[in-house]
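Working notes, structure below.
Chain naming here is simple, since letters A, B, ... match the order of the sequence lines and numbering starts at 1 in each.
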Protein chains: 2
Amino acid sequence: MKALLKDILAVVGPGNVLTGADVTQRRVDWMTGAPCQAGAIVRPADTRELSAVMRLCHAADQPVVTHGGLTGLVHGSVTSSDELAISLERLTAIEAVDPVSGTMTVQAGVPLQRVQELADDHDLQFPLDLGARGSCTIGGNIATNAGGVRVIRYGMMRQQVLGLEAVLADGTVVSSMNHMLKNNAGYDLKQLFIGSEGTLGIVTRAVLRLQPKMSSEQTALVACPSFEALTGLLQHMGHSLGGSLGTFEVMWRNHYALLTVESGRHTPPLPTDSPFYVIVESLGVDDEANATRFGQALESAFEAGLIVDAVLAQSDSQRRGIWDIREDIEGLILNLAPLFTFDISLPIPEMQAYTDQLEAALRRDWSQGRMVVFGHLGDGNLHVSISVGSDAPDTRRAVEQLVYTPLAELGGSISAEHGVGLEKRDYLALSRTPEEIALMRTLKQALDPRNLLNRHKVLAPEA
Amino acid sequence: MKALLKDILAVVGPGNVLTGADVTQRRVDWMTGAPCQAGAIVRPADTRELSAVMRLCHAADQPVVTHGGLTGLVHGSVTSSDELAISLERLTAIEAVDPVSGTMTVQAGVPLQRVQELADDHDLQFPLDLGARGSCTIGGNIATNAGGVRVIRYGMMRQQVLGLEAVLADGTVVSSMNHMLKNNAGYDLKQLFIGSEGTLGIVTRAVLRLQPKMSSEQTALVACPSFEALTGLLQHMGHSLGGSLGTFEVMWRNHYALLTVESGRHTPPLPTDSPFYVIVESLGVDDEANATRFGQALESAFEAGLIVDAVLAQSDSQRRGIWDIREDIEGLILNLAPLFTFDISLPIPEMQAYTDQLEAALRRDWSQGRMVVFGHLGDGNLHVSISVGSDAPDTRRAVEQLVYTPLAELGGSISAEHGVGLEKRDYLALSRTPEEIALMRTLKQALDPRNLLNRHKVLAPEA
């Protein structure tokens with residue numbers, strides 16, 4: 001590796017090949033806080049330098065792992081001592097904003113929040129949003145096809161990307177910097193690099209689609225008397241609000257009660273005796289019209305028995321208070337640790353049976369087992385937190401089996417929005433057929449035959 | 001081929017291998033009306049039969065062309081006598097509708113209009129819409145990543161597909177029938193088959209995303225005094241209507257005037273002396289609120305000088321009257337024939353300079369040259385019709401050069417929504433880099449190494 005690093009240094013210049021303590025002082029994994037073990041961290045200044053670095057790595061058969069904001073949750077950025085980390089931290093330019101077409105052209109290392117704020121400055125919005133917004137990067141959002149709380153209205157990261165540029169394993173630069181909503185000139189190559197977690201190429205730049213800004217946001221927390229009412233409410237709000245339904249976030253009672261009365265962390269805006277609580281939001285451009293429509297939709301939901309109680313946020317701080325319950329991950333950790341967290345998706349009609357059976361199985365195997373559930377119901381996405389009193393690897397595997405195995409029969413997914421990385425790799429076959437996995441291997445083989453890019457992530461080594 | 005057809009007959013049964021006049025009486029190309037020349041037309045009943053057929057074709061090195069509704073505009077379904085046509089006309093089952101999750105599961109041969117109507121029956125909508133809705137099929141919509149008039153609000157066909165099933169060149173069935181909005185379990189393989197025009201696999205089934213129905217539609221035709229005002233209006237309406245802007249269709253004066261006063265085909269709702277006319281629509285669920293907001297947005301556009309005249313449709317028939325001008329393709333043909341039509345896209349700020357220069361170049365080379373332009377401006381998509389008094393192949397190529405060549409420098413696309421097929425294949429390099437085309441070939445080679453699927457479409461044979 002030493003000779004290679006010397007060649008790389010000649011490309012990226014002094015200060016941009018980090019070794020020793022400069023490597024290990026970085027935490028590569030948000031979940032574990034584990035220090036980076038990479039042979040070195042290479043920081044190219046731009047696509048041209050990265051291309052030259054990859055040509056050198058390709059010639060030397062040197063595997064690499066791309067580092068963005070390092071906020072992933074599936075150990076996708078873990079780098080071993082025989083791998084190089086390629087950090088895109090110097091690719092932070094915003095190259096252009098076109099408010100007419102509604103596009104922004106950025107380098108991969110730009111943090112999500114900067115894109116959101118700059119869009120806002122132009123009276124537009126970039127609708128992807130998630131908790132790590134301040135640290136996560138656009139490149140990482142693309143590589144993992146990030147989701148979040150606005151997917152029901154705007155889709156995932158995949159839908160926000162009009163064009164991108166990627167460097168392949170051999171250093172080839174594939175520039176697909178399309179700026180138009182419509183472009184059917186040949187294969188849509190950018191799709192290969194979105195959500196493939198850095199295993200097929202390294203995303204260096206992107207053209208993002210911006211959306212009209214929504215100046216009015218109505219927020220309510222409502223209580224549902226049954227799962228049937230919950231799904232009825234989803235349909236009702238979709239129908240009543242048309243395309244303005246911006247959020248439909250559900251907390252199972254076990255989640256809502258834990259973070260309010262049980263832990264004392266939040267004052268409950270509603271009593272805790274209903275089985276489901278929903279944060280529902282309507283997006284609009286006119287506060288009065290939006291409020292009227294939203295109020296009417298909730299009123300008719302009451303009349304139809306879909307909700308039994310509701311509180312409407314009358315201010316930003318009330319809105320914040322509602323969301324704080326939903327987003328209090330610290331509260332979950334403090335009250336449930338040691339805990340395992342899961343990000344899964346399944347067809348909405350199957351959710352109640354799934355969670356009931358999972359809870360029963362958990363209680364069967366661990367008398368002190370505890371489970372809380374919240375999620376982006378409209379997206380089919382549940383986040384399940386499970387505590388069984390131990391976080392030993394064997395225990396983790398046993399719990400994983402309980403959570404993931406039933407998904408196969410239901411057509412569910414072992415990963416809704418977090419990706420596969422290392423953590424879920426060995427469960428991939430529960431969500432994908434042998435033919436699908438074979439085709440994934442065909443793609444990997446075609447694009448990265450030497451297995452240099454984020455090797456053994458997503459796809460396990462073949463037996 | 002004879003022995004192969006006998007084997008195929010044993011799979012699909014009598015009546016499902018068409019030959020002779022049963023083949024030639026079919027028109028394979030909507031544009032030219034050319035008769036089908038396929039060696040035979042094979043009509044499998046389902047995925048299992050198609051898989052068996054493809055295994056046989058693969059073993060015999062027999063190339064095939066998939067036939068859907070045959071409404072394409074780029075000769076993508078042309079089939080030669082040494083090829084078999086695989087018609088999906090028997091795959092017409094609607095397998096499931098899930099109104100809670102908002103999904104519909106269909107076979108590839110189902111016509112678009114049937115999906116639209118069934119969604120409507122469930123108080124939902126399938127938002128993809130285009131003129132060929134009665135004949136085109138979901139499989140064809142997927143294979144070509146169809147666009148249409150609602151892309152600015154709902155995206156192209158790609159955004160409407162949650163999951164799909166495809167048969168590969170060797171008969172392998174890849175079933176990726178995902179039902180959830182969020183699923184990041186491994187590579188999103190369905191993207192390979194969307195928009196690749198049948199060259200990487202044959203789509204047999206799909207899970208479609210349905211959207212909340214919009215019960216209120218406000219339509220206006222407005223006149224803009226300049227291109228600057230036109231793009232200002234796009235931004236203004238986006239901002240004023242938020243996510244409710246459903247359509248922003250522009251007619252250049254040459255188009256609007258030709259189809260109204262010049263040809264006498266339509267009574268002009270507005271005088272013909274403005275450079276641009278826009279059909280703008282707002283979608284909502286409450287007529288009164290939608291009408292109020294739409295009226296206010298138009299009023300402030302007037303005050304800002306973005307529009308100089310406007311007519312608001314007060315009834316369905318008035319709305320129809322406005323759209324009839326825009327959609328009068330027959331009027332274009334009758335008045336301009338022989339004519340060439342083009343489907344291109346480019347960054348919106350570049351459009352005026354592009355069309356002005358194109359018109360000047362046309363006049364330079366053909367004194368009687370004439371050009372009319374309309375398009376989905378918000379999508380960056382223009383449809384350009386050009387008449388130079390001849391439709392000889394040499395003339396076509398000369399005009400194509402004028403239309404396509406400037407797009408390279410502008411980052412435009414030789415195909416916005418029609419695809420590449422045979423018609424645009426030789427211009428692909430104007431819109432895509434050598435590295436992109438090489439990567440497309442890598443994918444084709446990886447998925448269809450014997451070049452059996454819609455060979456020589458999209459990608460020209462290598463020199």
Side-chain angles (χ1 to χ4, degrees), chain A residues 98-101 123 145 147 151 156 159 172-176 179-189 191 195-196 212 214 231 235 238-240 242-243 284-286 289 293 345 347-349 379-381 411 413-417 419-420 428 431-433 435-436 439-440 442-443 446 458, chain B residues 98-101 123 145 147 151 156 159 172-176 179-189 191 195-196 212 214 231 235 238-240 242-243 284-286 289 293 345 347-349 379-381 411 413-417 419-420 428 431-433 435-436 439-440 442-443 446 458:
Chain A
D98 173 357
V100 173
S101 305
D123 234 358
N145 188 27
V151 171
M156 300 187 74
Q159 275 78 61
T172 300
V173 178
V174 177
S175 191
S176 286
H179 282 68
M180 288 83 69
L181 289 193
K182 286 182 177 165
N183 184 349
N184 274 344
Y187 303 168
D188 190 1
L189 298 172
Q191 306 297 343
S196 54
M214 294 299 188
T231 59
Q235 287 181 271
H239 186 249
S240 303
V285 286
D286 175 334
R293 186 176 51 182
S345 60
I348 300 171
D379 312 333
N381 181 191
S413 172
I414 58 157
S415 180
E417 55 183 1
V420 175
L428 192 60
S431 288
R432 308 299 293 264
T433 65
E435 293 80 10
E436 285 182 286
L439 183 50
M440 291 181 208
T442 299
L443 291 176
V458 185
Chain B
D98 173 357
V100 173
S101 305
D123 234 358
N145 188 28
V151 170
M156 300 188 73
Q159 274 78 61
T172 300
V173 179
V174 177
S175 190
S176 286
H179 281 70
M180 288 82 68
L181 289 193
K182 284 182 178 166
N183 185 349
N184 274 344
Y187 302 168
D188 191 0
L189 298 172
Q191 306 297 344
S196 54
M214 295 298 188
T231 59
Q235 288 181 269
H239 186 250
S240 304
V285 286
D286 174 334
R293 186 176 50 183
S345 60
I348 301 171
D379 311 333
N381 180 191
S413 172
I414 58 158
S415 180
E417 55 182 3
V420 175
L428 191 59
S431 289
R432 308 299 293 263
T433 65
E435 293 80 9
E436 285 182 286
L439 183 50
M440 290 182 209
T442 298
L443 290 176
V458 185

Over all atoms of both residues, closest heavy-atom pair of B:I414 and A:A185: CG1-CB, 4.0 Å

By a 4.5 Å heavy-atom criterion (distance strictly below it), what part of A:V420 contacts chain B: side chain, backbone, both, or neither? both

B:T433 portion near chain A, given a 4.5 angstrom heavy-atom threshold: side chain

Most heavy-atom pairs under 4.5 Å with chain B, out of A:T442, A:D188, A:T231, belong to A:D188

I'd like to know which of A:P349, A:G242, A:A416 tops the heavy-atom pair count under 4.5 Å against chain B. A:A416

When the 4.5 angstrom heavy-atom criterion is applied to A:S101 and chain B, the contacting part is both

Residue from A:D286, A:V100, A:D98 scoring the most non-hydrogen pairs under 4.5 Å with chain B is A:V100

May I ask you to name which of A:G147, A:S176, A:A289 has the most heavy-atom pairs under 4.5 Å with chain B? A:S176

I'd like to know if the side chain of A:N184 and the backbone of B:N145 have a donor-acceptor N/O pair within less than 3.5 Å. yes

Heavy-atom proximity to chain B below 4.5 Å, by part of A:S431: side chain

Do the non-hydrogen side-chain atoms of A:V285 and B:H239 ever get within less than 4.5 Å of each other? no

Measure distances from A:L428 to the heavy atoms of chain B and classify the residue's part below 4.5 Å as side chain, backbone, both or neither. side chain

No-hydrogen, no-angle side-chain donor-acceptor test under 3.5 Å, A:E435 and B:T172: no

For chain A, which candidate among B:G411, B:S240, B:G186 shows the most heavy-atom pairs at distances under 4.5 Å? B:G186

Partner chain B: residue of A:G284, A:G243, A:G380 with the largest heavy-atom pair count (under 4.5 Å): A:G243

Select one option (side chain, backbone, both, neither) describing which atoms of A:E436 are under 4.5 Å from chain B's heavy atoms. both

Nearest atoms (heavy-atom pairs only) where B:P212 meets A:G238: CB-O, 3.2 Å

Can you tell which part of A:M156 gets under 4.5 Å to a heavy atom of chain B, answering side chain, backbone, both or neither? side chain

For residues A:Y187 and B:V458, determine if any side-chain heavy atom of one lies less than 4.5 Å from a side-chain heavy atom of the other. yes

Any side-chain heavy atom of B:K182 within less than 4.5 Å of one from A:S415? no

Taking the side chain as every heavy atom from C-beta outward, state whether A:L443 and B:L443 have any pair of such atoms under 4.5 Å apart. yes

Among A:M214, A:R293, A:Q191, the residue with the most heavy-atom pairs under 4.5 Å to chain B is A:Q191

Would you mind reporting whether B:M180 and A:N381 have side-chain heavy atoms less than 4.5 Å apart? no

